[in-house]
2 protein chains.
Amino acid sequence: MTVTLKDIQQAYGRIQPYIHRTPILQSRALNQIIGCELLFKAENLQKIGAFKARGACNAVFSLDDASLQQGVITHSSGNHGAALAWAAALRGAPCTVVMPENAPSVKKAAVAGYGASIEFCESNMAAREGTVARLIKEQGTNLVHPYDSDVIIAGQGTVALETLQQIEQPIDIMMAPVGGGGLLGGTSICVKQSTTGIRVLGAEPEGANDAWQGFKSGTRLTQFKPNTIADGLRGTLGVRNFAIIRDQVDDILLTSEKRIVEAMRLIWTRLKMVVEPSAAVPLAAIMDWPEQFQGKRVAIILSGGNVDLDALPW
Amino acid sequence: MTVTLKDIQQAYGRIQPYIHRTPILQSRALNQIIGCELLFKAENLQKIGAFKARGACNAVFSLDDASLQQGVITHSSGNHGAALAWAAALRGAPCTVVMPENAPSVKKAAVAGYGASIEFCESNMAAREGTVARLIKEQGTNLVHPYDSDVIIAGQGTVALETLQQIEQPIDIMMAPVGGGGLLGGTSICVKQSTTGIRVLGAEPEGANDAWQGFKSGTRLTQFKPNTIADGLRGTLGVRNFAIIRDQVDDILLTSEKRIVEAMRLIWTRLKMVVEPSAAVPLAAIMDWPEQFQGKRVAIILSGGNVDLDALPW
């Protein structure tokens, strides 16, 4: 295991001055509808509107001054790009973000708004990684991978660390969506190394089920063409992330596009929280697999709230 | 003055066990866009999704047991109806809500969900009041008017009482939307009787400017046909409410439908809060009259979050 609870604790000390301690939200009406006690960790209220601020901040503040002057670069469908742009600006470092041309306009605007340069590429992992490799070769900048990175995983693990500090009574389950596996990886390390008896579950769209396939088969998928509304979960599970999730996570549950939209609407109408589709995937999975959750206390990480209001799925 | 600060304080003691102490939210990015320091009192996170829970709860808990057995009745475009249904259910009292047929479906569902009976009528004050009068005569139930009532005004005034308790530094301005005038009336009494130097401003859509007309002319309008997206503000200013607002409120600002939608989108995208159009009216007014707000600390009451996701204004 490359990342440990201690790394997550150190990351938390490093980033705490810059991030929000986001609240945990509950709705009695929603609990009655779903049939279990839900605690929503509202990372949609985090800096840049997503948990990705944590990992990016940890990555930037882990670099020494000389490295930072060379700048940072990443590829991202959006939130990690905005997060790195934001974190780099905190230390005055140059930042380049490689984004697919079909990324939501709100996410492009966020990256540009923090002063980073955007390089567009095609919407697949080969194009993203190729463009980043070319730019690193040309410019000598530091790669901050969106998820396949120890400092990123440790940073994202601080969501779980903070959640465990905030909840007053023990929980039975902690759930996170899984895309590249930074959040779920960090969550599983934190929960499994600091508690006993809490199940850690990932939730993934059926249309982007590469993590589920890898988890069930024992072999990580390297090529995958996702098709899901959950734009934050289209990345393919990373190498480090796969190893951590295979060893630490109890299960990954799949859910449908229709259910993701239904869960998203419930969060909007009942919690009055604007969340992006990816953030609704754990609740959607709970609705699809209710027998595993009846009467349980379940913490759900609401991963982000950056949604294009002109392209809502209803 | 029929309602005093003491009435608001007593109302707060009466309703506190049942309502949420809603948070105050801030966004540095939004402050930069608008050019002043905004403190949003998030009553969209209140019970039933709107501040109306406060007044209705105060009204129901002010009735004695014998009166309660006769049940309660009201007319409402939605949030007050849901609030009275919710409050009546807390004490096991029968509740009837007279609603216009064109009320948002989400608001109809909420009223029905709390177990109240709905009576539909045409969408004008005469039809609403006529239907209520007929049912009171037939059934002997207790009217709980949505705004022209001392106990309602005292209950709504607890939003300002709580806000003043929560803010750590003094504010320059407190703003509320104005429909029937329960919230703005209660707010002005609370602020003016407990502090000095805080301006109290109402905000109203141009398409429902009856309060503004009455405030400027000194004569309350009794007939008015509103035309605004802000469905919570379509009611005509009440008699008690007019007298309070005329004497206590510093000014009422008007804003356009287009600006209300723009402000609503800013609250959704920057605060990640689902709010209904009425709740966005104060921010819209600030955007239309920026010179009054530059550099000021302004508390805004986000009045509610009950919006039909299938009928969004963009």
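Throughout, a chain's letter reflects where its sequence line sits, starting with A, and its residues are numbered from 1. As the structure is a computational prediction, the values presented were derived from the model and not from experiment.
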Worksheet item: If you look at every heavy atom in B/Leu312 and A/Leu312, which pair is closest and at what distance?
Response: CD1-CD1, 3.5 Å
Practice prompt. For A/Ala59, enumerate each residue passing the side-chain contact (heavy atoms from CB on, under 4.5 Å) test, keeping only those at least two apart in sequence or located in another chain.
Written response: A/Val144, A/Val151, A/Ile152
Worksheet item: Do you know which of A/Val275, A/Leu309, A/Leu45, A/Leu271 has the most heavy-atom pairs with chain B at a distance under 4.5 angstrom?
Response: A/Leu309
Between chain B and chain A, which N and O donor-acceptor pairs fall under 3.5 Å? A table would be great.
{"from": "B/Arg265", "atom 1": "NH1", "to": "A/Asp310", "atom 2": "OD1", "distance (Å)": "2.9"}
{"from": "B/Arg265", "atom 1": "NH2", "to": "A/Asp310", "atom 2": "OD2", "distance (Å)": "3.0"}
{"from": "B/Lys272", "atom 1": "O", "to": "A/Val274", "atom 2": "N", "distance (Å)": "2.9"}
{"from": "B/Lys272", "atom 1": "NZ", "to": "A/Gly305", "atom 2": "O", "distance (Å)": "3.0"}
{"from": "B/Lys272", "atom 1": "NZ", "to": "A/Asn306", "atom 2": "OD1", "distance (Å)": "2.8"}
{"from": "B/Val274", "atom 1": "N", "to": "A/Lys272", "atom 2": "O", "distance (Å)": "2.9"}
{"from": "B/Gly305", "atom 1": "O", "to": "A/Lys272", "atom 2": "NZ", "distance (Å)": "3.0"}
{"from": "B/Asn306", "atom 1": "OD1", "to": "A/Lys272", "atom 2": "NZ", "distance (Å)": "2.8"}
{"from": "B/Leu309", "atom 1": "O", "to": "A/Trp314", "atom 2": "NE1", "distance (Å)": "2.8"}
{"from": "B/Asp310", "atom 1": "OD1", "to": "A/Arg265", "atom 2": "NH1", "distance (Å)": "2.8"}
{"from": "B/Asp310", "atom 1": "OD2", "to": "A/Arg265", "atom 2": "NH2", "distance (Å)": "3.0"}
{"from": "B/Trp314", "atom 1": "NE1", "to": "A/Leu309", "atom 2": "O", "distance (Å)": "2.8"}

Discussion item. Quick check on B/Leu25 against chain A: is it the side chain, the backbone, both or neither that has a heavy atom closer than 4.5 Å?
Written reply: neither
